[in-house]
**Q** 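Here it is, the structure in full.
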Amino acid sequence: MTTIQITRASDVLPPEEVAALQPTIDEINRLKKERNAIVAAHNYMTPDIYHLAADITGDSLALAYLALETDADVIVLAGVHFMAETAKLMSPQKTVLIPDLEAGCSLADNITGEDVRRLKEQYPGVPVVTYVNTSAEVKAESDITCTSSNALAVVESLGVPKVIFTPDMYLGKWVASQTDVEVVLWEGSCMVHERFTGEEISDYKRDMGDILVIAHPESPPDVLDAADYVGSTHGMINWVKRNQPKQVMMLTECSMADNVAEATPDTEYVRPCNLCPHMKKITLENIETSLETMTHQVEIDEDIAVRAREAVSRMLEVGRQD
Ligand code: 13P
Ligand code: SF4
């Protein structure tokens with residue numbers, strides 16, 4: 001169930017904890033050097049990974065650009081499987097490792113390439129915009145991908161009156177509320193964000209003196225209606241840095257507040273937050289093992305990769321919105 005936590009910068013990674021982790025961090029650093037590898041970590045990684053092991057941190061879009069830009073030979077993707085696949089799509093010559101193959105995503109599990117082919121038959125000529133939280137096979141059937149940081153810009157970049165949007169219905173509804181483009185939805189959702197409710201947010205706002213609320217667009221519409229800002233994990237971090245509120249309620253995965261607290265020490269994070277069991281499969285220990293054994297290497301069938309890469313590349317040309 002949703003848990004309430006309060007985070008301050010001083011609570012995250014106390015010195016004794018860092019000292020205990022140091023041997024593992026030293027070994028990860030030694031292996032990174034030996035393999036010419038980097039660790040790219042999503043904003044939902046635990047603070048030990050985010051602050052001590054990662055060479056780069058960011059949202060899904062930042063991690064997709066990183067694969068194009070790094071000159072490392074090996075990328076350890078500390079995130080979920082679709083992020084590692086996107087990195088491999090954009091950098092096929094590099095070795096991309098995911099420390100645990102079970103690090104999936106409820107959205108990616110919700111739709112197949114066959115589902116997208118059927119949607120295209122049902123709506124002939126209507127372009128398909130697909131959230132990056134999907135398999136390469138689903139991306140290969142799509143015209144363009146998007147992330148939560150550019151979904152609206154991607155939809156509007158097509159210059160068409162109607163799009164099919166897969167698989168996140170809440171992100172799709174949020175986009176539909178911001179544009180004149182008609183959006184055909186698919187019924188997928190994120191198991192972490194769908195659990196927030198508008199009612200609980202209104203209750204918190206009433207009890208906590210109208211606290212500022214920022215939310216990820218994978219949340220249901222009544223939650224987004226109650227929010228003062230809606231954006232990707234990158235957008236939320238920047239919003240806090242820009243506005244420096246004394247207190248903020250950040251509606252997303254639990255590790256986010258831990259990770260941004262250090263850069264925003266004057267802000268107290270009050271959060272009903274939910275853990276993503278997929279993101280939490282990645283640990284310092286399996287990052288070390290991954291570098292040591294060079295597993296698990298992400299491979300994508302070439303026929304799928306060519307088409308999926310096109311859909312991702314079109315999105316990267318649109319760029320970031322938040
Ligand atoms: P971002 O692209 O906003 O980082 O979100 C990815 C994700 O999986 C959110 O649940
Ligand atoms: Fe997927 Fe939701 Fe986890 Fe993100 S938080 S990886 S969308 S299940």
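Numbering of residues begins at 1 and proceeds along the displayed sequence. Read the numbers this way: they start at 1 and go in the same order the structure lists the ligands and their atoms.
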**Q** Out of G79, S106, C105, whose heavy atom is nearest to atom 1 (Fe) of ligand 2?
**A**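 Ranked by closest heavy atom to atom 1 (Fe) of ligand 2, first place is C105.
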
**Q** Under 3.5 Å between any N/O of S148 and any N/O of ligand 1: does that happen in this structure?
**A**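 Yes, there is a polar N/O contact under 3.5 Å.
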
**Q** Answer with yes or no whether E253 contacts ligand 2, where contact means a heavy atom under 4.0 Å from a ligand atom.
**A**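 Under 4.0 Å: no for E253.
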
**Q** List the closest protein heavy-atom neighbour of atom 3 (Fe) of ligand 2: residue, atom name, distance to the nearest 0.1 Å.
**A**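 Minimum-distance protein heavy atom for atom 3 (Fe) of ligand 2 reads C276 SG, 2.4 Å.
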
**Q** Strictly below 4.0 Å, N to O, side chains only: are R195 and E200 in salt-bridge contact?
**A**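 E200 and R195: not salt-bridged.
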
**Q** If I apply the N/O under 3.5 Å rule, does S60 come out as touching ligand 1?
**A**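 Yes, since at least one N or O of S60 sits under 3.5 Å from an N or O of ligand 1.
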
**Q** Counting non-hydrogen protein atoms only, what is the nearest one to atom 5 (O) of ligand 1? Give residue, atom name and distance.
**A**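 Here the closest protein heavy atom is H216 NE2, 3.3 Å.
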
**Q** Considering only the protein, which heavy-atom contact is closest to atom 2 (Fe) of ligand 2, and what is its distance?
**A**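 Going by distance alone, atom 2 (Fe) of ligand 2 is nearest to C190 SG, 2.3 Å.
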
**Q** Which atoms of ligand 1 have any heavy atom of S232 under 4.0 Å away?
**A**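 Selected atoms, number and element: 3 (O).
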
**Q** Ion pair present between R30 and E27, side-chain N to carboxylate O less than 4.0 angstrom?
**A**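 So R30 pairs with E27 through a salt bridge.
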
**Q** Same cluster for L171 and L119 if Ile/Leu/Val/Met/Phe/Trp/Tyr side chains link at under 4.5 Å?
**A**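 No, because L171 and L119 fall into different hydrophobic clusters, even though each may have its own neighbours under 4.5 Å.
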
**Q** Would you check whether T233 has a nitrogen or oxygen atom less than 3.5 angstrom from a nitrogen or oxygen atom of ligand 1?
**A**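 Looking only at distances, the answer is yes, because the N/O contact criterion of under 3.5 Å is met.
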
**Q** Take a 6.0 Å sphere around CD of E199 and say whether it holds more than 12 heavy atoms from other residues, nucleotides or ligands.
**A**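 Not more than 12 within 6.0 Å, no.
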
**Q** Out of all atoms in ligand 1, which are within 4.0 Å of some heavy atom of D59? Include the element for each.
**A**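 So the atoms of ligand 1 that pass are 1 (P), 2 (O), 4 (O).
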
**Q** For atom 8 (O) of ligand 1, grab the closest protein heavy atom and report residue, atom and distance to one decimal in Å.
**A**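 Going by distance alone, atom 8 (O) of ligand 1 is nearest to N133 ND2, 3.3 Å.
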
**Q** Can you tell me if H193 contacts ligand 1 (heavy atom of the residue under 4.0 Å from the ligand)?
**A**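 Heavy atoms of H193 do come under 4.0 Å of ligand 1.
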
**Q** Quick one: does ligand 1 sit under 4.0 Å from the side chain of H234, the backbone, both or neither, non-hydrogen atoms only?
**A**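 H234 to ligand 1: no contact under 4.0 Å from either part.
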
**Q** So, for Q247 and L212, which heavy atoms are closest and what is the spacing to 0.1 Å?
**A**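 Taking Q247 first and L212 second, the nearest heavy atoms are O-CB, 4.3 Å.
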
**Q** Under a 3.5 Å cutoff, is there a donor and acceptor pairing between the side chains of T166 and T130?
**A**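 T166 vs T130: donor-acceptor pair found between side chains.
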
**Q** Work out which heavy atom in L316 is nearest to a heavy atom in A64; give both atom names and the distance.
**A**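 In this case the closest contact between L316 and A64 is CD2-CB, 4.2 Å.
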
**Q** Looking only at distances, can you tell me whether any N or O atom of E218, backbone or side chain, sits closer than 3.5 Å to an N or O atom of ligand 1?
**A**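 Min N/O separation from ligand 1 is below 3.5 Å for E218.
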
**Q** For ligand 1, which atoms have a heavy atom of H42 less than 4.0 angstrom away?
**A**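 Answer, ordered by atom number: 1 (P), 4 (O), 5 (O), 6 (C).
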
**Q** Hey, does N43 come in under 3.5 Å of ligand 1, counting only N/O atoms on both sides?
**A**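 In this structure, N43 places no N or O atom under 3.5 Å from an N or O of ligand 1.
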
**Q** For the residue pair S148 and H216, establish whether any side-chain heavy-atom pair is separated by less than 4.5 Å.
**A**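 In short, these two side chains touch, coming nearer than 4.5 Å.
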
**Q** Which part of E253 is near ligand 1, with near meaning a heavy atom under 4.0 Å away: side chain, backbone, both or neither?
**A**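 Neither part.
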
**Q** For the cysteine pair C190/C105, does the gap between the two SG atoms stay under 2.5 Å?
**A**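 Cysteines C105 and C190 do not qualify as a disulfide pair, their SG atoms being 2.5 Å or more apart.
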
